[in-house]
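If you scroll down you'll find the structure; I have some questions about it.
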Amino acid sequence: MHKNRVNILGTEFDNFTTKQFHKYLDDDLDVKANKFIVTPNPEIVLSARKDTNFSEIVNNADYVIPDGIGVIKGAKSLGTPLHERITGFDTLQYLVEAANRKFSKVYLLGAKPEVIEASAEKIKKDYPQVDLVGYHDGYFKDEADIVAEIAEKQPNIVFVALGSPKQEIFINKYRKTTDAIWIGVGGSFDVFSGTKKRAPKFFQALNLEWFYRLIKEPTRFGRMLAIPRYMNLINKEKKSRK
Ligand code: UDP
């Protein structure tokens with residue numbers, strides 16, 4: 001079905017459209033399937049190259065979707081283009097809407113206490129049919145209580161925002177506690193809650209969201225060096241495939 005994957009420097013991306021992906025998610029929710037979504041960007045592709053365990057976790061996820069314009073550019077450059085970029089943030093948004101349509105049970109984990117609180121409030125206010133069964137910030141010492149709560153409440157969707165690779169490791173370890181769609185959403189709650197602004201449409205249209213984020217958070221500069229390193233590897237790979 002969706003196992004039509006494209007290998008970008010070792011990470012295997014699903015190649016489908018947003019529309020097809022959303023249809024799979026709707027079907028998964030209807031049958032209470034246990035699914036794991038990862039949303040790699042170039043930085044995650046590079047981390048996976050360095051860490052075999054992490055790479056296995058990513059490649060064994062049910063959905064590996066291309067978050068980040070770098071992934072789309074890399075795929076095209078290697079001659080194996082992907083349909084389109086599908087971001088973790090847009091997927092979070094779609095799943096919350098789907099949960100509202102289907103009266104699904106949702107659990108939120110991660111981000112700072114005030115961010116996750118504001119995200120929970122937003123869901124209660126704007127998506128009143130979502131059954132928000134619990135939420136917890138991402139700065140905990142012991143995860144046992146959180147896992148026990150998830151096991152008890154049996155949510156249909158679990159959003160995990162602990163940053164990478166923490167969130168993927170967490171999901172991989174605990175996904176059997178409830179048959180849900182589990183997704184690592186990185187910093188998405190910061191945007192969803194309104195704490196941080198997503199790049200204006202202008203930046204989005206020019207594929208310059210990364211640049212907007214860099215201006216807003218200059219401390220991300222070190223992390224962004226992953227992009228030229230990634231492009232360099234793409235170019236090398238392209239030459240070696242010729
Ligand atoms: N975070 C967390 N616990 C931690 C480390 C990070 O909950 O121990 C949260 C952090 O507050 C932020 C998210 O994880 O909301 C990671 O954000 P980042 O911008 O690094 O993720 P990206 O979107 O770039 O993947």
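Ligands are counted one by one from 1 in listed order, and the atoms in each one are counted from 1 as well. Note that this is a predicted model, so its numbers are computed, not measured. Residue numbers count from 1 along this sequence.
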*Among I57, L162, T39, the one residue meeting side chain to side chain contact (heavy atoms under 4.5 Å, CB included) with E168*: I57
_Testing the 3.5 Å rule here: is there a donor-acceptor pair between the side chains of Y230 and E43?_
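E43 and Y230 do not have a side-chain donor-acceptor pair below 3.5 Å.
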*Is there a side-chain contact between K112 and E117, using heavy atoms and a 4.5 Å cut-off?*
no
In a simple table, one pair per line, please give the protein and ligand 1 atom names for every N or O pair closer than 3.5 Å, along with the distance.
from     : atom 1 : to   : atom 2 : distance (Å)
ligand 1 : 1 (N)  : Y139 : OH     : 3.2
ligand 1 : 3 (N)  : G138 : O      : 2.8
ligand 1 : 7 (O)  : A111 : N      : 2.9
ligand 1 : 7 (O)  : A161 : O      : 3.2
ligand 1 : 8 (O)  : K166 : NZ     : 2.6
ligand 1 : 11 (O) : Y139 : OH     : 2.8
ligand 1 : 14 (O) : A161 : O      : 3.2
ligand 1 : 14 (O) : G163 : N      : 3.3
ligand 1 : 15 (O) : D190 : OD2    : 2.6
ligand 1 : 19 (O) : R213 : NH2    : 3.2
ligand 1 : 19 (O) : R220 : NH1    : 3.2
ligand 1 : 20 (O) : R223 : NH1    : 2.9
ligand 1 : 21 (O) : G187 : N      : 3.3
ligand 1 : 23 (O) : G187 : N      : 2.8
ligand 1 : 24 (O) : R220 : NH2    : 2.9
ligand 1 : 24 (O) : R223 : NH2    : 3.0

_Just by distance, no angles: are the side chains of Q204 and Y212 close enough, under 3.5 Å, to form a donor-acceptor pair?_
no
_Donor-acceptor check, side chain of D14 to backbone of V64, threshold 3.5 angstrom: yes or no?_
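A pair under 3.5 Å: yes.
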*Is the shortest distance from a Lys or Arg side-chain nitrogen in D28 or K23 to a carboxylate oxygen in the other one below 4.0 Å?*
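Salt bridge: no.
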